[in-house]
> 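Right, I'll just put the structure down here and ask away after.
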Amino acid sequence: MYFINNSGEKQFPVTKRNLFLLLTLLLAGILALYIRNRQAAETILRLSETEPAYEQSAADFGHMEPRQNPYADLSVPTYVTKIEDTFFIVDCYHNQIIYSDSLERPLYEWNIMTDQINKGHTLACDGVVWLTDDTENHRILVFEKKGDMFVHTQTLPDTGVRPHYIVYHEEKQCFYAWSSMTGEMYLLRREEDSSRVYISKILKIPTLDGIYVRSFTILEDDIYFVSGNSSIIRADLDTFEIREEYPVPDALAGMVQLTWIDNYWYITVSTDKQGNQEAATILRTDDLHKLAASDYEDVYAAFIGGGTPYYISYVEDRYYLTEHRLPGHSVWSFRSENGQLQDITAIY
C-alpha cells in the first residue's frame with residue numbers, strides 16, 4: 001500500500017515505520033503549536049499586568065474622560081483618605097475605588113479610580129504612585145495619575161495571602177503592605193527617579209501565620225497588630241521582634257484596627273472569638289494592659305451602634321470611620337478634643 005498525492009502519484013509505502021514517523025511528526029507539530037500558544041498567552045498576561053486599568057484605544061489620556069461611579073450607595077466601604085486635593089473611598093464589595101474633589105458630592109458624581117480589584121481594602125500614595133491591595137487576587141496594584149485619570153501601570157503578584165492593609169511611611173520612604181493570613185509584611189519601595197515599585201524586604205511575625213489580622217498601626221519605632229488570637233502585639237518596627245503582648249477578652253478577639261486618638265487607644269471590633277458580628281463595637285482605653293480585665297469604655301453608642309465598624313483614618317483635622325451592616329451610615333466623620341468625641345456626622 002502507498003500514499004497517493006493530489007496528482008495521483010504514488011508516494012512512500014505505508015509501513016509501520018512510516019506510520020510511526022508520521023505520528024511522531026504530527027505530535028511534534030502539535031507540541032510546537034501548544035508551546036507557541038502558551039508563550040503567546042504568557043506574553044499577553046505579562047503585558048496585561050502593565051496595561052492601564054481602563055479599557056481604551058487612545059494613547060493620549062488628555063482626550064479621555066473619567067468614568068462616573070454607577071452606584072448611589074456604598075457596599076461595605078473600608079477606607080477613606082485624602083491624597084493631595086482628592087478624596088478616595090475604597091468601596092470593597094463593589095470591587096472599586098472611587099474619588100472626588102469633595103465629600104459633599106453625591107456618590108453617583110464620584111469617579112472610578114479602578115474597578116479591577118476584588119475586595120480591596122486600602123490605598124496609599126508616596127506622591128508619585130498609588131498602591132492598593134487587590135485582596136482576593138493576592139496582589140498589589142500600582143497606579144499613576146494621568147491628567148484627571150488613574151492608570152494601572154504595574155502589578156505585584158503573589159504578595160502574601162489576602163493583602164489587606166497598606167501604609168506609606170514618609171520617613172522611611174517605604175510602603176508597608178500586610179498579608180492578612182500569613183503574618184508577613186511586604187516592604188515596597190519605588191526605584192529612584194522612576195515609578196517602578198519593587199519588594200525590598202519581607203518581615204514576619206511567625207505567631208501570626210494562619211491567623212486573620214486585618215491591620216497594623218505604626219507609632220514611632222513600634223508596630224502594633226490587632227491579631228485574631230485574642231491579643232495585641234507590639235513589635236519593633238525595623239526587626240519585627242516582639243516587644244510586648246496584650247491579651248484581650250474573647251469578646252474582642254475579632255479586632256479590626258487599633259488607633260491612637262487624643263491620648264486614647266481606640267479599637268474597632270468586627271466579631272467576637274466565635275465570629276459573631278453582634279459583638280461588633282468601638283471601644284477605647286488609656287492603657288492596653290487594662291483590656292485583659294475588660295476595663296475599657298464602649299463608645300459605639302456615639303455612632304448609633306448596631307453596625308460593624310471597620311477602619312478609622314485621619315484626614316487633616318478630622319477622623320473618618322467606615323462601617324457596614326447599617327444602611328445609611330457607611331461613612332462617619334468626627335473630631336476629638338480633650339478626650340471628648342465631637343461633631344460626629346454621618347456623611348454617607
> Taking Q96 as the fixed residue, which of N69, D115, T114 is the one that meets the side chain to side chain donor-acceptor pair (under 3.5 Å) rule?
N69

> Evaluate the ring planes of Y176 and H169, with Trp represented by its six-membered ring, and classify them as parallel (under 30°), tilted (30 to 60°) or perpendicular (over 60°).
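Taking H169 first and then Y176, their aromatic rings sit tilted (interplane angle of 30° to 60°).
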
> Is the side chain of D91 donor-acceptor paired with the backbone N or O of S75 at a distance under 3.5 Å, no angle test?
yes

> Report the relative orientation of the aromatic rings in Y266 and Y264; use parallel for angles under 30°, tilted for 30 to 60°, perpendicular for over 60°.
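If you compare the ring of Y266 with that of Y264, the planes turn out perpendicular.
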
> Using salt bridge (Lys or Arg N to Asp or Glu O under 4.0 Å) as the criterion, point out the one residue from E241, E244, E220 that pairs with R234.
E244

> Between W260, Y296, Y246, which is the residue that forms a ring-ring contact (aromatic ring centres under 6.0 Å, His included) with W265?
W260

> First locate atom CE of M255, then atom OG1 of T271, and finally report the distance between them rounded to the nearest 0.5 Å.
10.0 Å

> I267 vs L252, test: side-chain contact (heavy atoms from CB on, under 4.5 Å). Steps then yes/no.
CA-CA 9 Å; I267 302 175; L252 309 182; 5.8 Å; no

> Could you walk me through whether E323 and T268 pass the side-chain contact (heavy atoms from CB on, under 4.5 Å) check?
CA-CA 10 Å; E323 181 184 45; T268 51; over 6 Å; no

> For a quick check under 3.5 Å, do H121 and T135 share a side-chain donor-acceptor pair by atom type?
yes

> So that I can tick it off, tell me whether D238 and K201 are bridged by a salt bridge, with the cut-off set at under 4.0 angstrom between side-chain N and carboxylate O.
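So K201 does not pair with D238 through a salt bridge.
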
> Go through the steps for D343 and S333 under the test side-chain contact (heavy atoms from CB on, under 4.5 Å), then give the verdict.
CA-CA 8 Å; D343 195 19; S333 167; 5.8 Å; no

> Please enumerate all residues that pass salt bridge (charged side-chain N to carboxylate O under 4.0 Å, His left out) together with D221, with sequence neighbours excluded.
R243

> Please round to the nearest 0.5 Å and tell me the distance separating atom CG of D295 and atom CG of D287.
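It comes to 8.5 Å.
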
> Apply ring-ring contact (aromatic ring centres under 6.0 Å, His included) to the pair Y165 and Y311, showing each step before the final yes or no.
CA-CA 10 Å; Y165 200 77; Y311 292 144; 4.9 Å; yes

> Is there a salt bridge (Lys or Arg N to Asp or Glu O under 4.0 Å) between R162 and E136? Walk through the geometry before answering.
CA-CA 6 Å; R162 303 188 72 241; E136 299 301 334; 2.7 Å; yes

> Side chains of M113 and T132: does their closest heavy-atom pair fall under 4.5 Å?
no

> Is it true that R325 and T308 share a donor-acceptor pair across their side chains at a distance under 3.5 Å?
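A donor-acceptor contact under 3.5 Å links the two side chains.
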
> Run the side-chain contact (heavy atoms from CB on, under 4.5 Å) test against Y186 and tell me which residues pass, sequence neighbours left out.
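Here the qualifying residues are T159, A177, S179, E184, L188, I199, I202.
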
> Test W130 against every option in F175, F150, Y99, F143 by the ring-ring contact (aromatic ring centres under 6.0 Å, His included) rule and name the one that passes.
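Among F175, F150, Y99, F143, the one meeting ring-ring contact (aromatic ring centres under 6.0 Å, His included) with W130 is F150.
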
> Nearest 0.5 angstrom please: Y168 OH to E170 CD, how far?
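So the gap between those two atoms works out to 5.0 Å.
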
> Using the rule ring-ring contact (aromatic ring centres under 6.0 Å, His included), only one of F225, Y212, F216 pairs with H164; which is it?
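That would be Y212; it is the only one of F225, Y212, F216 passing the ring-ring contact (aromatic ring centres under 6.0 Å, His included) with H164.
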
> How about L156 and R139: do any of their side-chain heavy atoms sit closer than 4.5 Å?
no

> Could you walk me through whether Y198 and E191 pass the side-chain contact (heavy atoms from CB on, under 4.5 Å) check?
CA-CA 7 Å; Y198 65 96; E191 295 177 359; 3.8 Å; yes

> Are there over 12 heavy-atom neighbours, none belonging to D209, within less than 6.0 Å of that residue's CG?
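For D209, atom CG is crowded (more than 12 foreign heavy atoms under 6.0 Å).
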
> Step through the shown structure and confirm whether more than 12 heavy atoms of other residues, nucleotides or ligands are within 6.0 Å of CD on Q173.
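12 or below, so no.
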
